[in-house]
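First up is the structure itself, then whatever we jot down about it.
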Amino acid sequence: MLGWFQFFTSLGTLIGTIVDNFTEKIGGKNSYIIPLGLIFIIPAVLVIGMLFIPESPRWLLQHDEVEKARKALVWLRPDQETVDREMSEMQHAIEQERSLASSTSVWDMFTNPVDRRRTILAVSAVTTQAASGAMFMIAYGTYFFEMAGVGSAFENSCILTAVGVVAILLNIAVITHIGRRRVFLITGLILCGVSQLIVAIVYTVKPGTTTTGKVIVALSVIFIFGYNGMVATYAWLSGGELPSQRLRSYTFGLAAAVGFLGAWLTTFTAPYFINVASLNWGPKYGYIWFPSCLIAAAFIYFFLPEVKGRTLEEIDEMFEQRVPARKFASYQCVGAVALEAKRRGSESTSGNPKKSDSEDSEKPVVETIEDRV
C-alpha cells in the first residue's frame with residue numbers, strides 16, 4: 001500500500017509538472033487558474049476510492065469488532081490458517097497493550113531502553129530521505145537543467161519525474177517478492193551519493209560545457225531512479241514498521257516531523273550554496289551530499305534490522321528479546337504466548353527461589369522455550 005501511495009504522489013507531481021509546462025505559455029490568469037483547478041480533481045477521486053478500502057484488522061480488534069476484523073484480514077490473507085494465527089497474535093498483543101495503556105507515556109519513547117532503540121531507528125530510517133539530498137535534486141532540478149543548457153529545462157524536469165514514476169512501479173512489482181529493506185536502502189543511498197559526486201566532479205573540471213550538461217541530465221535520471229525506487233518507499237516503510245504498537249502514533253509522528261524538518265532545512269539552505277549571488281557552488285553542492293549518503297548507508301548497514309516477512313507481533317518479540325540488528329533475519333520467533341510464559345517463569349524463579357509444585361510443573365515448558373530462543 002505504501003508503494004502505491006508513493007506512486008500516486010509521484011504521478012500527481014508528473015501530471016502537475018506537465019500541466020505547468022503547457023499552461024505557462026498561456027497568457028493571463030488562465031496560466032495559473034487551470035493548474036489550481038485541476039488540483040481538486042484527483043483528491044476527490046481518491047476520497048471516493050478510499051471508501052472501498054477495508055479498515056485495519058488491528059483497529060477493528062481494538063474496538064472489539066472481531067468479526068469485521070476477521071473479514072478484513074481474510075481480504076488481505078486468503079489462507080485461513082494464516083488468518084487464524086494472525087488473529088490470535090493480534091488479540092494477544094492488544095490485550096498486552098491494554099494492560100500497559102495506563103502507564104504508557106510519550107516519554108517512554110526515550111526512557112524505556114527497548115522503545116528508545118525503536119524510536120532512534122524509526123526516526124533515522126525516515127530521515128534517510130533528507131540525508132540523500134533528494135529535496136535538493138527534486139526542488140532545484142529545473143534550475144540544474146537550465147545550468148546544463150541541454151534542451152528545455154522544464155521538459156527535462158518532466159522526463160525526470162516520469163522516470164521516478166517508472167522506478168516506483170518497478171518497486172511495487174518486486175517489494176513483496178524481494179522487499180529487503182536494508183539492501184534497497186543501502187543500494188539506493190550509494191546510487192544517490194555517487195551520482196551527485198560525479199556531477200560535482202564533472203562540473204568542477206568542465207563547467208558550462210555541453211558535455212557537462214549531458215552528464216548532469218544523465219546522472220539526475222540515475223539519482224531519481226535510485227531515490228524513488230529504493231530510498232523513498234523503504235524509508236517510510238521502515239519508519240512505520242519499527243515502532244512499538246503501543247507507541248506507534250507517537251514514534252511515527254516524531255519520525256515524520258524530523259523527516260520533514262530535514263527536507264525543509266535542505267530546501268531552505270540550498271539556494272545559499274547554488275545561487276550565483278551567494279556561494280555559487282552550483283552542482284558542486286554534490287560534494288556535501290556524497291558523504292551524507294555514505295554515512296546514512298553505513299548506519300543502515302550496522303543498525304537497521306531486516307524485518308521482511310515479519311508480522312508486527314514478531315517484530316515486537318525480537319525487540320523485546322534485544323536481538324542484534326544483524327540477527328533479525330535469522331531469528332526464530334517463539335510466539336507471544338510462549339514468550340509471555342517464559343517471562344513469567346523467569347520472574348517467578350528470580351523472585352522466589354523456593355518453587356511451589358505448580359511452578360515445578362511449568363519448569364519443563366520454560367526450559368523448552370529457552371532452548372528454542
Side-chain angles (χ1 to χ4, degrees), residues 1-7 9-10 117-138 163-197 219 221-243 251-252 254-256 258-263 266 286 288-310 312 314-315 318-319 323-331:
M1 295 301 293
L2 187 56
W4 284 108
F5 170 78
Q6 290 288 139
F7 167 73
T9 300
S10 297
R117 178 191 179 192
R118 302 180 76 165
T119 299
I120 292 172
L121 289 172
V123 171
S124 300
V126 175
T127 310
T128 54
Q129 296 180 99
S132 68
M135 294 309 300
F136 160 59
M137 293 293 287
I138 294 172
V163 170
V165 173
V166 172
I168 292 177
L169 283 174
L170 292 176
N171 175 271
I172 292 173
V174 303
I175 189 170
T176 54
H177 301 287
I178 304 175
R180 296 182 62 184
R181 283 74 165 144
R182 286 160 49 87
V183 172
F184 277 97
L185 281 169
I186 292 171
T187 305
L189 286 166
I190 291 174
L191 272 179
C192 291
V194 171
S195 61
Q196 290 179 93
L197 175 64
L219 289 170
V221 170
I222 294 175
F223 174 91
I224 203 67
F225 191 88
Y227 174 74
N228 274 19
M230 301 181 189
V231 177
T233 303
Y234 289 98
W236 283 113
L237 183 61
S238 297
E241 289 175 326
L242 298 179
T251 307
F252 191 65
L254 176 65
V258 174
F260 285 127
L261 176 62
T266 302
I288 290 179
W289 294 110
F290 172 66
S292 175
C293 289
L294 290 189
I295 292 172
F299 179 88
I300 298 298
Y301 180 79
F302 288 108
F303 299 108
L304 190 78
E306 179 58 68
V307 294
K308 175 188 179 296
R310 300 288 191 171
L312 296 179
E314 288 176 326
I315 295 172
M318 289 187 284
F319 274 111
V323 178
R326 303 292 295 277
K327 295 183 179 180
F328 261 62
S330 58
Y331 180 80

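Positions are given from 1 along the sequence.
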*Might you point out which heavy atoms bring Gly259 and Ala130 nearest each other, and give the distance in Å?*
O-CB, 4.4 Å

_Distance in Å, Leu185 CG paired with Leu237 CG, rounded so as to fall on 0.5 Å steps_ = 9.0 Å

*Atom CZ in Phe328, atom CG in Leu304: separation rounded to 0.5 Å?*
9.5 Å

_Nearest heavy-atom neighbours spanning Ala122 and Ala255_ = O-CB, 3.7 Å

*With a 4.5 Å limit on heavy-atom distance, are the side chains of Val123 and Leu254 in contact?*
yes

_Testing Ile186, Leu189, Leu191 one by one against Val231 for a side-chain contact (heavy atoms from CB on, under 4.5 Å), which residue passes?_
Leu189

_Go through it in stages, so that I can follow the logic: the residues are Phe184 and Lys308, the test is side chain to side chain contact (heavy atoms under 4.5 Å, CB included), and I'd like the CA-CA distance, side-chain angles, deciding distance and then a yes or no._
CA-CA 12 Å; Phe184 277 97; Lys308 175 188 179 296; over 6 Å; no

*Decide yes or no for Pro305 and Met318: does some side-chain heavy atom of the first lie under 4.5 Å from some side-chain heavy atom of the second?*
no

*Any pair counted as salt bridge (Lys or Arg N to Asp or Glu O under 4.0 Å), so long as it reaches residues 232-241, sequence neighbours left out*: Arg181-Glu241

*Looking only at atom types and distance, does a side-chain atom of Thr128 sit under 3.5 Å from a main-chain N or O of Ala125, one as donor and one as acceptor?*
yes

*asked:* On a heavy-atom basis, which atom in Phe302 and which in Ala325 lie closest, and how many Å separate them?
replied: O-CB, 4.0 Å

*Is there a side-chain contact between Leu121 and Phe319, using heavy atoms and a 4.5 Å cut-off?*
yes

*Is any side-chain heavy atom of Leu294 closer than 4.5 Å to a side-chain heavy atom of Phe290?*
yes

*Determine, for Phe303 and Arg182, whether the Lys NZ or Arg CZ falls below 6.0 Å from the six-membered ring centre while staying within 45 degrees of the axis.*
no

*Should the heavy atoms of other residues, nucleotides or ligands under 6.0 Å from CZ of Arg180 be counted, would the total exceed 12?*
no

*How far apart are the closest heavy atoms of Phe252 and Gly239, and which atoms are they?*
CD1-O, 3.3 Å

*Mind listing the closest non-hydrogen atom pair of Gln196 and Cys293 along with its distance?*
NE2-SG, 4.1 Å

*Does Val166 have any side chain to side chain contact (heavy atoms under 4.5 Å, CB included) partners at least two apart in sequence or in another chain, and if so, which?*
Leu170

*So, do Ile222 and Val194 sit near enough that their side-chain heavy atoms are less than 4.5 Å apart?*
no

*Do Arg118 and Thr251 come close enough that some side-chain heavy atom pair is under 4.5 Å?*
no

_Gap separating the CD1 atom of Ile288 from the CG atom of Leu197, nearest 0.5 angstrom_ = 12.5 Å

*Are the side chain of Gln129 and the backbone of Met135 linked by a donor-acceptor contact shorter than 3.5 Å?*
no

*Could you tell me whether the side chain of Ser195 and the main chain of Cys192 form a donor-acceptor pair under 3.5 Å?*
yes

